[in-house]
Amino acid sequence: MEKYPDNISGKQTFCSFLRKNFTDDGLITKFEALTKLYFEVNSIINISALRTEDDVYIKHYLDSIYPYKYFNGRCCDVGCGGGFPCLPLAIVTDLEFVGLDSVGKKLTLINRCTKELKLKNISAVHARAEDLAKHGKSFDTVCARAVSDVDKSLSFCAPLAKQGGKIVLYKTQNDCKAKNSTENKLNVRLIQTEDYTLPNTDIKRRVFIYEKL
């Protein structure tokens, strides 16, 4: 179980990160509205096991946006579940996001946010990654968070990435890079690995950044 400081809430930690990295003073209000919708939807559909505000602000919001600098262009979140990382990333950036999941009910929160929070730069697609790729869809940045191991995650993401596009994989520091055979088969190469600890927690993360060749 992760530890948070007794005197600093998850929301305070998240808001501190926002102030240090973004200039929009209205972001906190948007995340407060998202949190209200999250708990409402989650009580009916059970899109996530996280039940406390501290966990939502740290494990969903902060964990999602921490590697925001690796995203550019039109983005696709493969296996997005309830909308993480794509929802928080769509709120803090001007980039266009597509949240993709094969389970339609998991996309409820994204669909509610586009209507009730008036988010214009995110949409939900109920489909499998391989089916979307077969229809010729491609993106500048493709990401996956908590979706299988690195090799399998790449197999889902790489077909959706444009040539020269990036694949951002959210992992733990116990995860290793993909096998060379996987990289060769999918025509990708690892260009960066970053290890970090989420602020005011003991949650250690690793992101792998791949390029589609």
hydrophobic_cluster_shared for [Y] and [X], side chain cutoff 4.5 Å:
X    : Y    : answer
L109 : V147 : no
I191 : L160 : no
F71  : F156 : no
I45  : L87  : yes
V142 : I65  : no

Give me the atom names and distance for the closest heavy-atom approach of [X] to [Y].
X    : Y    : result
L100 : A129 : CD2-CA, 3.6 Å
T108 : K105 : OG1-O, 2.7 Å
I91  : L27  : O-CD2, 3.4 Å
P88  : G83  : CD-O, 3.5 Å
L107 : G99  : CD2-O, 4.0 Å
C80  : D101 : N-OD2, 3.4 Å

**Message:** Checking I209 against L190 for the side-chain contact (heavy atoms from CB on, under 4.5 Å) test, could you report, in this order, the C-alpha distance in whole Å, the side-chain angles of both residues, the deciding distance, and whether it holds?
**Reply:** CA-CA 6 Å; I209 315 300; L190 181 66; 5.6 Å; no
Do the side chains of [Y] and [X] get nearer than 4.5 Å, heavy atoms only?
X    : Y    : answer
R205 : D195 : no
N121 : L95  : no
Y38  : S48  : yes
C143 : V78  : no
L154 : F208 : no
L37  : C113 : yes
L213 : V188 : no
N42  : F39  : no

Taking atom types as modelled, is there a side-chain donor on [X] or [Y] under 3.5 Å from an acceptor on the other?
X    : Y    : answer
K166 : N72  : yes
Y170 : S64  : no
D175 : T172 : yes
D151 : T182 : yes
S102 : H126 : no
Y70  : E194 : yes

**Prompt:** Got a donor-acceptor contact below 3.5 angstrom from the Q173 side chain to the T197 backbone?
**Reply:** no
**Request:** Spell out, as yes or no, whether a donor-acceptor pair under 3.5 Å connects the side chain of T93 to the backbone of A90.
**Result:**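 Not at all, since once roles are kept as given, no pair shorter than 3.5 Å links the two residues.
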As an exercise, state the distance from [atom1] of [X] to [atom2] of [Y], rounded to the nearest 0.5 Å.
X    : Y    : atom1 : atom2 : answer
S16  : R19  : OG    : CZ    : 7.0 Å
S148 : L169 : OG    : CG    : 10.5 Å
E211 : N187 : CD    : CG    : 10.0 Å
E40  : R112 : CD    : CZ    : 4.5 Å
E96  : C86  : CD    : SG    : 12.0 Å
I167 : Y210 : CD1   : OH    : 9.0 Å

**Prompt:** Quick one: which of T52, T13, T35 gives a side-chain contact (heavy atoms from CB on, under 4.5 Å) with Y57?
**Reply:** T35
**For K137, side chain to side chain donor-acceptor pair (under 3.5 Å) partners two or more places apart** = none
**Asked** What residues form a side chain to side chain donor-acceptor pair (under 3.5 Å) with T193, not counting sequence neighbours?
**Response**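 By the side chain to side chain donor-acceptor pair (under 3.5 Å) rule, T193 matches no residue at all.
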**Message:** Salt bridge check, K171 against D149: does any charged N sit closer than 4.0 Å to a carboxylate O?
**Reply:**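 Looking at K171 together with D149, the answer is no, because their closest N to O distance does not fall below 4.0 Å.
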**Prompt:** Is any side-chain N of the basic residue among D63 and K59 closer than 4.0 Å to the acidic one's carboxylate O?
**Reply:**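 A salt bridge is absent here (no side-chain N lies under 4.0 Å from a carboxylate O).
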Report the relative orientation of the aromatic rings in [X] and [Y]; use parallel for angles under 30°, tilted for 30 to 60°, perpendicular for over 60°.
X   : Y   : answer
F84 : Y61 : tilted
Y66 : F17 : parallel
Y68 : F22 : tilted

**Message:** Determine whether K185 and S155 satisfy the following criterion, side-chain contact (heavy atoms from CB on, under 4.5 Å), listing intermediate values before the conclusion.
**Reply:** CA-CA 9 Å; K185 177 182 177 182; S155 72; over 6 Å; no
**Prompt:** Does the side-chain contact (heavy atoms from CB on, under 4.5 Å) test come out yes or no for R145 and H60, once each step is laid out?
**Reply:** CA-CA 10 Å; R145 175 177 176 261; H60 274 337; 3.9 Å; yes
**Asked** Heavy-atom count around K212 NZ within 6.0 Å, excluding the residue itself: above 12?
**Response**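 Result for NZ/K212: enclosed.
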**Message:** More than 12 heavy atoms of other residues, nucleotides or ligands under 6.0 Å from CZ of R206: yes or no?
**Reply:** yes
**Item:** Candidate pair F31 and T29, rule side-chain contact (heavy atoms from CB on, under 4.5 Å), full reasoning
**Value:** CA-CA 5 Å; F31 277 101; T29 300; over 6 Å; no
**Request:** Name all residues meeting the ring pair (Phe, Tyr, Trp, His ring centres under 6.0 Å) criterion together with F139; count only those two or more places apart in sequence or in a different chain, and write none if there are none.
**Result:** none
**Prompt:** Does the pair R74 and D140 meet the rule for a salt bridge (charged side-chain N to carboxylate O under 4.0 Å, His left out), with working shown?
**Reply:** CA-CA 5 Å; R74 189 164 181 260; D140 301 290; over 6 Å; no
